[in-house]
Amino acid sequence: DHGASQFHPQFNYPDGDIVLSSKDGTLFRVHSTLLKFASSFFRQMFEMPRELGEGADEPIPLEEPAKVIACLLQFIYPSEGIPEIRSASFAWEMSLAADKYDIPRVLDMVHHAVFNIQNKRERQGTEESEDSEPKAAGKIYALACRWKWEDVAELAALEIIRKWGASVRAFSPQDLQQLSGNNLARLFRYHELRLDHVIQAFREVIGLEEFNGHGIAFDDYFFCCECG
């Protein structure tokens, strides 16, 4: 009897030999063989003898919420299909869990999912994600830098520069804490390089170093007299 805790409807196999417990009280009766095959963390855990008198139904507590554990198991169990990751916040949770439990395949799939999220945002040209997540591009940039996903970082940087310029306002305080000074400096430098390219293209079009009217083309920057 596990009291008020309930088994997850998708992961309660009658022939499962271990029970996992999420931090919010959901139970998962699963197969240790599959977990050992997918994760060195679980492989080492199950090689350790259990305490005397501890039965197979004694839950193994995990620190993640049920939605994260369920998603991990969907990746591990081949018959459950590939789960969808639709938000940058959930991608953060999944990437940290995949790293903690040493499941490289899941981290690769999260990378793929985050690329698709940001690519979709770029095509739609919208600041809002499917779940109206604020400042998602900043969160995705921080996530991509954390795991060195250069393809995702570049896409996120493009959106940040287009909508925020070289400004930390693109990031929540939590996401800003995740960024190293070097990765923040890379974003600012990327902004400068794109600005230089725009200035050069503008000069080639007008064929002048200086012109009268809306603004003045300087050696390094184009200063808009009306915008300041």
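Treat the numbers as computed from the prediction; the structure is a model and nothing was measured. What's counted below: heavy atoms across the whole structure, side chains too, no hydrogens, waters or symmetry copies.
- The side chain to side chain contact (heavy atoms under 4.5 Å, CB included) check on L155 picks up F115, Q118, N119, with sequence neighbours excluded.
- Among residues at least two apart or in separate chains, there is no salt bridge (charged side-chain N to carboxylate O under 4.0 Å, His left out) pair with a member in residues 105-114.
- Across I160 and F171, no two heavy atoms sit closer than the pair CD1-CZ, 3.9 Å.
- Within the 4.5 Å cutoff, the side chain of R29 has no heavy atoms near those of the D15 side chain.
- Ring centroid separation for the pair Y77 and Y13 comes in under the 6.0 Å cut-off.
- Taking all atoms of both residues into account, the shortest heavy-atom contact from A137 to A156 is O-CB, 3.6 Å.
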Chi angles and distances behind the side chain to side chain contact (heavy atoms under 4.5 Å, CB included) call for S95, L143: CA-CA 9 Å; S95 69; L143 175 60; 3.6 Å; yes

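- Contact check for K139 versus S89: side-chain heavy atoms found under the 4.5 Å cut-off.
- Within the 4.5 Å cutoff, the side chain of F75 has heavy atoms near those of the P83 side chain.
- For the pair Q178 and W92, the tightest heavy-atom approach, listed with the atom from each and the gap, is OE1-CH2, 3.9 Å.
- Counting heavy atoms from C-beta outward, V30 and N12 have side chains that stay 4.5 Å or more apart.
- With respect to R43 and E47, no salt bridge is recorded, no charged nitrogen being found less than 4.0 Å from a carboxylate O.
- A distance of 13.0 Å separates CD1 in I18 from CD in E58, rounded to the nearest 0.5 Å.
- Heavy atoms of other residues, nucleotides or ligands lying less than 6.0 angstrom from CZ of F37 number 12 at most.
- Among all heavy-atom pairs drawn from A144 and A153, the shortest one is CB-N, 3.5 Å.
- Between the CG atom in L179 and the CD atom in Q174 there is a gap of 12.5 Å [rounded to 0.5 Å].
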Go through the steps to decide whether H111 and V152 satisfy the test side chain to side chain contact (heavy atoms under 4.5 Å, CB included), and finish with yes or no. CA-CA 8 Å; H111 177 187; V152 177; 3.8 Å; yes

Determine, stepwise, if the pair T33 / F46 fulfils side chain to side chain contact (heavy atoms under 4.5 Å, CB included). CA-CA 9 Å; T33 302; F46 297 143; over 6 Å; no

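- Going from atom SG of C71 over to atom CD of E84 covers 10.0 Å, rounded to the nearest 0.5 Å.
- Note that the CD atom of E63 and the CD1 atom of I69 stand 10.0 Å from one another [nearest 0.5 Å].
- Atoms NZ and CG, from K36 and L34 in turn, are 10.5 Å apart once rounded to the nearest 0.5 Å.
- Evaluation of the salt bridge (Lys or Arg N to Asp or Glu O under 4.0 Å) rule for K67 yields E93 as partners, not counting sequence neighbours.
- At least one donor-acceptor pair under 3.5 Å links the side chain of S39 to the backbone N or O of Y101.
- The side chain to side chain contact (heavy atoms under 4.5 Å, CB included) test applied to P104 returns D102, not counting sequence neighbours.
- Placement of L72 and I82 within a single hydrophobic cluster is found when ILVMFWY residues are connected by side-chain heavy-atom separations under 4.5 Å, directly or transitively.
- Using the six-membered ring where Trp is involved, F11 and F28 have ring planes that are tilted, between 30° and 60° apart.
- Under a 3.5 Å cut-off, the side chain of S21 and the backbone N or O of G25 do not form any donor-acceptor pair.
- Expressed to the nearest 0.5 Å, how far CZ of R86 lies from CG of N116 amounts to 12.5 Å.
- When the side chain to side chain contact (heavy atoms under 4.5 Å, CB included) test is applied to R186, the partners found at least two apart in sequence or on another chain are Y141, E150, N182, N183.
- Residues V68 and M94 are in side-chain contact: their nearest non-hydrogen atoms beyond the backbone lie under 4.5 Å apart.
- Contacts of Q10 classified as side chain to side chain contact (heavy atoms under 4.5 Å, CB included), with partners at least two apart in sequence or in another chain: H8, Q74, E80.
- Taking each heavy atom of A38 and I103 in turn, the nearest pair found is O-CG2, 3.8 Å.
- No side-chain donor-acceptor contact under 3.5 Å links H31 and D17.
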I would like to know whether D99 and R146 meet side chain to side chain contact (heavy atoms under 4.5 Å, CB included); could you show each step before the answer? CA-CA 11 Å; D99 181 62; R146 170 67 175 82; 4.2 Å; yes

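- Nearest heavy-atom pair across A113 and I85 is CB-CB, 3.9 Å.
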What verdict does the salt bridge (Lys or Arg N to Asp or Glu O under 4.0 Å) test give for R121 and E159, after you've listed the backbone C-alpha separation in whole Å, the side-chain angles of each residue and the deciding distance to 0.1 Å? CA-CA 9 Å; R121 291 172 58 81; E159 180 179 342; 2.5 Å; yes

